[in-house]
Asks: 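This is the structure I want to talk about, given as structure tokens.
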Amino acid sequence: MRFGASVWPWKWDTPYDKAVRRIGQAGFRATELIAWRPETFDEYYTPDTVALLKQTLDDEGMKISQFVVNNGPAASPDPRARQAAIDMFKKGVDTGRELGATIVNTVTHMPFDLPYPRITDRPLAQTFNLPLSKDLDWDQNWHDYVAVLKECADYAEQAGLVYSLEPHPFRYGGNTEGLLRLLEAVDSPALGVNVDPSHLFPIGDFPNMVIYRLGSRVVHCHFSDNDGATNVHWRPGMGKIDWTDTLQALKDVGFDGVVSLEFEDVPGVSRGQANVPGIYKGNDIATEGFEAEYKTALEYLTAIAHEVGLNVE
């Protein structure tokens, strides 16, 4: 297995080549790239940029562990919005393959594309709720969403890639039961899971139990820590997740992929200029203090991985 680092906490917005090089020089052997918007494919991931990114990865002895697509309204009741989400995913598959990725990723999606409240606000809110119309057709929305995932998984499979779904609080597939139900409904060998403990732990799932239950369907991981109350992404060792048991579970199920560190809520993180969740905002490029957090985490997790018998490249 390898430890990698998601690019966006280092550099939220494009361009990414300098951030990729910095990640490699910090000791990581893999990274993830992302498309936040449909326009990103034409505006940024041009043939020249793809060549530059591939050369940067080669120079640093790295690989792209997965290409992430922020394809939003995949569970919208509007068929045009669902089709737009499918089209963006397909562009992500094509671009990811050009970059050398073997996995394309999305988070799971919000039913009806509803405006869910941010879980980071939950500890401070007297009432935390999402009002709903009694007229929503939940069965139809589920079937529509499964159809979207099937088309996406089929496209990834035809391209020789794997589609990793990442659980997220309050969404379809937000916990282990939801993920297992989606995997069964889509029924594709190309569909797997990107396990993110910071999304599962605050919903009530122990990360090691998630890994044991999903087994070989775990194809990639995001690692960060939290307190179990929200989905904040802290440095492992700073929250309540047991990393020895988590890494032991990966060893026991035969995981040999990439564990990508994703610290979106530590001081110095890059959040760009957009209105995104999190207490730390405004950095276009992550600070040196942020990089030090990653190096500390890499040493900490590598030691645990060796202790449980994982082979770390």
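Values below: every heavy atom of this structure, side chains too, minus hydrogens, waters and symmetry copies.
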Asks: Using 0.5 Å steps for rounding, measure from the CZ atom of R122 to the OG1 atom of T120.
Replies: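 Going from CZ on R122 over to OG1 on T120, the span is 10.0 Å.
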Asks: Would you say that W234 contacts S224 through its side chain, given a criterion of any heavy-atom pair below 4.5 Å between the two side chains?
Replies: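 With C-beta onward as the side chain, the pair stays apart.
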Asks: Give the cluster check for L180 versus V219: same hydrophobic cluster or not, with ILVMFWY residues linked at side-chain heavy-atom distances below 4.5 Å.
Replies: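 In one cluster with L180: V219, no.
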Asks: Where do N231 and D265 come nearest, in terms of heavy atoms and distance?
Replies: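 Closest pair (atom of N231, atom of D265, distance): O-OD2, 4.5 Å.
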Asks: One pair to check against side-chain contact (heavy atoms from CB on, under 4.5 Å): L132 and L130. What are the steps and the verdict?
Replies: CA-CA 6 Å; L132 296 171; L130 177 65; 4.1 Å; yes
Asks: Would you please indicate yes or no on a ring centroid separation below 6.0 angstrom for Y145 and Y172?
Replies: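 Under 6.0 Å, so yes.
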Asks: Of all heavy-atom pairs between M1 and D256, which one has the smallest distance, and what is that distance?
Replies: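 Result for this residue pair: N-OD1, 2.8 Å.
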Asks: Quick one: do Y16 and T56 satisfy side chain to side chain donor-acceptor pair (under 3.5 Å)? Show the steps, please.
Replies: CA-CA 10 Å; Y16 293 132; T56 304; over 6 Å; no
Asks: When the ring centroid of Y45 is compared with that of F67, is the distance short of 6.0 Å?
Replies: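 Yes, ring centres under 6.0 Å apart.
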Asks: Please check if I23 and Y300 belong to a single hydrophobic cluster, counting links between Ile, Leu, Val, Met, Phe, Trp and Tyr side chain heavy atoms closer than 4.5 Å.
Replies: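 Result: yes, single cluster for both.
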Asks: Could you check whether R22 pairs with E60 (Lys NZ or Arg NE/NH1/NH2 to Asp/Glu carboxylate O, under 4.0 Å)?
Replies: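 Answer for the salt bridge query: no.
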Asks: Would you kindly confirm whether V50 and Y44 end up in one hydrophobic cluster when ILVMFWY residues are joined by side chain heavy atoms under 4.5 Å apart?
Replies: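 The answer is yes; both residues are in one hydrophobic cluster.
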Asks: Are the side chains of V258 and F3 in touch, meaning some heavy atoms are under 4.5 Å apart?
Replies: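 A side-chain contact under 4.5 Å is absent here.
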Asks: How far apart are the closest heavy atoms of A305 and V312, and which atoms are they?
Replies: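 The answer is CB-CG2, 3.7 Å.
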Asks: Can you give me the closest heavy-atom contact between G72 and H109, atom names plus distance?
Replies: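 It is O-CD2, 3.0 Å.
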Asks: For the pair F263 and F223, evaluate ring pair (Phe, Tyr, Trp, His ring centres under 6.0 Å) and give the outcome as yes or no after the intermediate values.
Replies: CA-CA 8 Å; F263 304 165; F223 271 15; 9.8 Å; no
Asks: What I'd like to find out is whether the side chain of F201 reaches to under 4.5 Å of the side chain of N226, using heavy atoms alone.
Replies: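 Yes, close enough: below the 4.5 Å cut-off.
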Asks: Considering the options F170, W138, W142, which one meets the ring pair (Phe, Tyr, Trp, His ring centres under 6.0 Å) requirement together with F112?
Replies: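 Per the ring pair (Phe, Tyr, Trp, His ring centres under 6.0 Å) rule, the option paired with F112 is W138, out of F170, W138, W142.
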Asks: At what distance, to the nearest 0.5 angstrom, does NE2 of H168 lie from CD1 of I203?
Replies: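 One finds 9.5 Å between NE2 of H168 and CD1 of I203.
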Asks: First locate atom CG of L149, then atom CG of L165, and finally report the distance between them rounded to the nearest 0.5 Å.
Replies: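 Nearest 0.5 Å value for the CG-CG distance: 5.5 Å.
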Asks: Which atom pair, heavy atoms only, marks the closest approach of R271 to W12?
Replies: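 The answer is NH1-CH2, 3.1 Å.
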Asks: Which is it for W243 and D225 under the side-chain contact (heavy atoms from CB on, under 4.5 Å) test, yes or no, and what are the steps along the way?
Replies: CA-CA 9 Å; W243 294 104; D225 213 335; 3.0 Å; yes
Asks: Does atom CD of E299 have more than 12 heavy-atom neighbours, drawn from other residues, nucleotides or ligands, at distances under 6.0 Å?
Replies: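 Counting other residues, nucleotides and ligands, CD of E299 stays at 12 neighbours or fewer.
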Asks: State plainly whether the residues D284 and K11 are in salt-bridge range, i.e. N to O under 4.0 Å.
Replies: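 Judged by the 4.0 Å cut-off on N to carboxylate O distance, D284 and K11 do form a salt bridge.
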Asks: When you compare the side chain of Q248 with that of E307, does any pair of heavy atoms fall below 4.5 Å?
Replies: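 When only atoms from C-beta onward are counted, Q248 and E307 do not touch, as no gap falls below 4.5 Å.
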Asks: Quick one: are E43 and R37 in side-chain contact, heavy atoms under 4.5 Å?
Replies: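 A side-chain contact under 4.5 Å exists here.
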Asks: Would Q158 and D154 count as a side chain to side chain donor-acceptor pair (under 3.5 Å) here? Give the steps.
Replies: CA-CA 6 Å; Q158 291 166 15; D154 287 348; 5.7 Å; no
Asks: Do other residues, nucleotides or ligands put more than 12 heavy atoms under 6.0 Å from the CD atom of E184?
Replies: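 No, the 6.0 Å shell around CD holds no more than 12 heavy atoms from other groups.
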Asks: Tell me if a side-chain donor or acceptor on N141 pairs with a main-chain N or O of P111 at a distance below 3.5 Å.
Replies: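 Looks like no, no N/O pair under 3.5 Å.
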Asks: Could you grab the distance from atom CZ of R171 to atom NE2 of H199, nearest 0.5 Å is fine?
Replies: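 With rounding to 0.5 Å, CZ (R171) is 8.0 Å from NE2 (H199).
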Asks: Rounded to the nearest 0.5 Å, what separation is found between the CD atom of E293 and the CD atom of E288?
Replies: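 Interatomic distance, E293 CD to E288 CD, rounded to 0.5 Å: 13.5 Å.
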Asks: Do M238 and L261 share a hydrophobic cluster, counting only Ile, Leu, Val, Met, Phe, Trp and Tyr and linking them when any side-chain heavy atoms are less than 4.5 Å apart?
Replies: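 No, separate clusters.
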Asks: Where is the tightest heavy-atom contact between S76 and A81, given as atom of each residue plus distance?
Replies: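 It is OG-CB, 3.6 Å.
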Asks: Is there a donor-acceptor pair closer than 3.5 Å between any side-chain N or O of N283 and the backbone N or O of V269?
Replies: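 Yes.
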Asks: Is any side-chain N of the basic residue among R82 and D113 closer than 4.0 Å to the acidic one's carboxylate O?
Replies: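 Judged by the 4.0 Å cut-off on N to carboxylate O distance, R82 and D113 do not form a salt bridge.
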Asks: Report yes if the side chains of V195 and H222 come closer than 4.5 Å at any heavy-atom pair, otherwise no.
Replies: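 Not touching, per the 4.5 Å side-chain cut-off.
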Asks: Give a yes or no on whether the backbone of S6 and the side-chain of S260 come within a donor-acceptor separation of less than 3.5 Å.
Replies: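 Answer holds: yes.
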Asks: Taking the basic N atoms (NZ, or NE/NH1/NH2) and the acidic carboxylate oxygens, is any pair closer than 4.0 Å for R181 and E177?
Replies: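 Salt bridge absent between R181 and E177.
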Asks: Please verify the inter-ring angle class for W36 with W8; under 30° counts as parallel, over 60° as perpendicular, anything in between as tilted.
Replies: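 If you compare the ring of W36 with that of W8, the planes turn out perpendicular.
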Asks: May I ask you to decide if L200's main-chain N or O and D205's side chain share a donor-acceptor pair within less than 3.5 Å?
Replies: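 The answer is no, because no donor-acceptor pair under 3.5 Å joins these two groups.
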Asks: Are V107 and V232 co-members of a hydrophobic cluster defined by side-chain heavy atoms under 4.5 Å apart?
Replies: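 Not linked; separate clusters.
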Asks: After noting the C-alpha distance and the side-chain angles of I103 and L161, does the key distance pass the side-chain contact (heavy atoms from CB on, under 4.5 Å) rule?
Replies: CA-CA 5 Å; I103 302 173; L161 274 66; over 6 Å; no
Asks: Any chance you could lay out the side-chain contact (heavy atoms from CB on, under 4.5 Å) test for V7 and V20, step after step, and finish with the verdict?
Replies: CA-CA 7 Å; V7 75; V20 170; 4.3 Å; yes
Asks: Please confirm whether the ring centroid of W10 lies under 6.0 Å from the ring centroid of Y294.
Replies: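 For W10 and Y294, the ring centres are under 6.0 Å apart.
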Asks: Tell me if a side-chain donor or acceptor on R2 pairs with a main-chain N or O of E313 at a distance below 3.5 Å.
Replies: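 No, R2 side chain to E313 backbone: no donor-acceptor pair under 3.5 Å.
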Asks: If you round to the nearest 0.5 Å, how far is CD1 of I241 from CG of N208?
Replies: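 Between N208 CG and I241 CD1, I get 10.5 Å after rounding to 0.5 Å.
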Asks: State, yes or no, whether a side-chain contact exists between V162 and T102 at a heavy-atom distance under 4.5 Å.
Replies: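 The answer is no, as the side chains (C-beta and beyond) never meet within the 4.5 Å cut-off.
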Asks: Taking the side chain as everything from C-beta on, heavy atoms only, tell me whether L250 gets closer than 4.5 Å to C221.
Replies: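 Heavy-atom side-chain distance check passes, below 4.5 Å.
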Asks: Between K91 (side chain only) and T40 (backbone N and O only), is there a donor and an acceptor less than 3.5 Å apart?
Replies: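 Not a single qualifying donor-acceptor pair exists.
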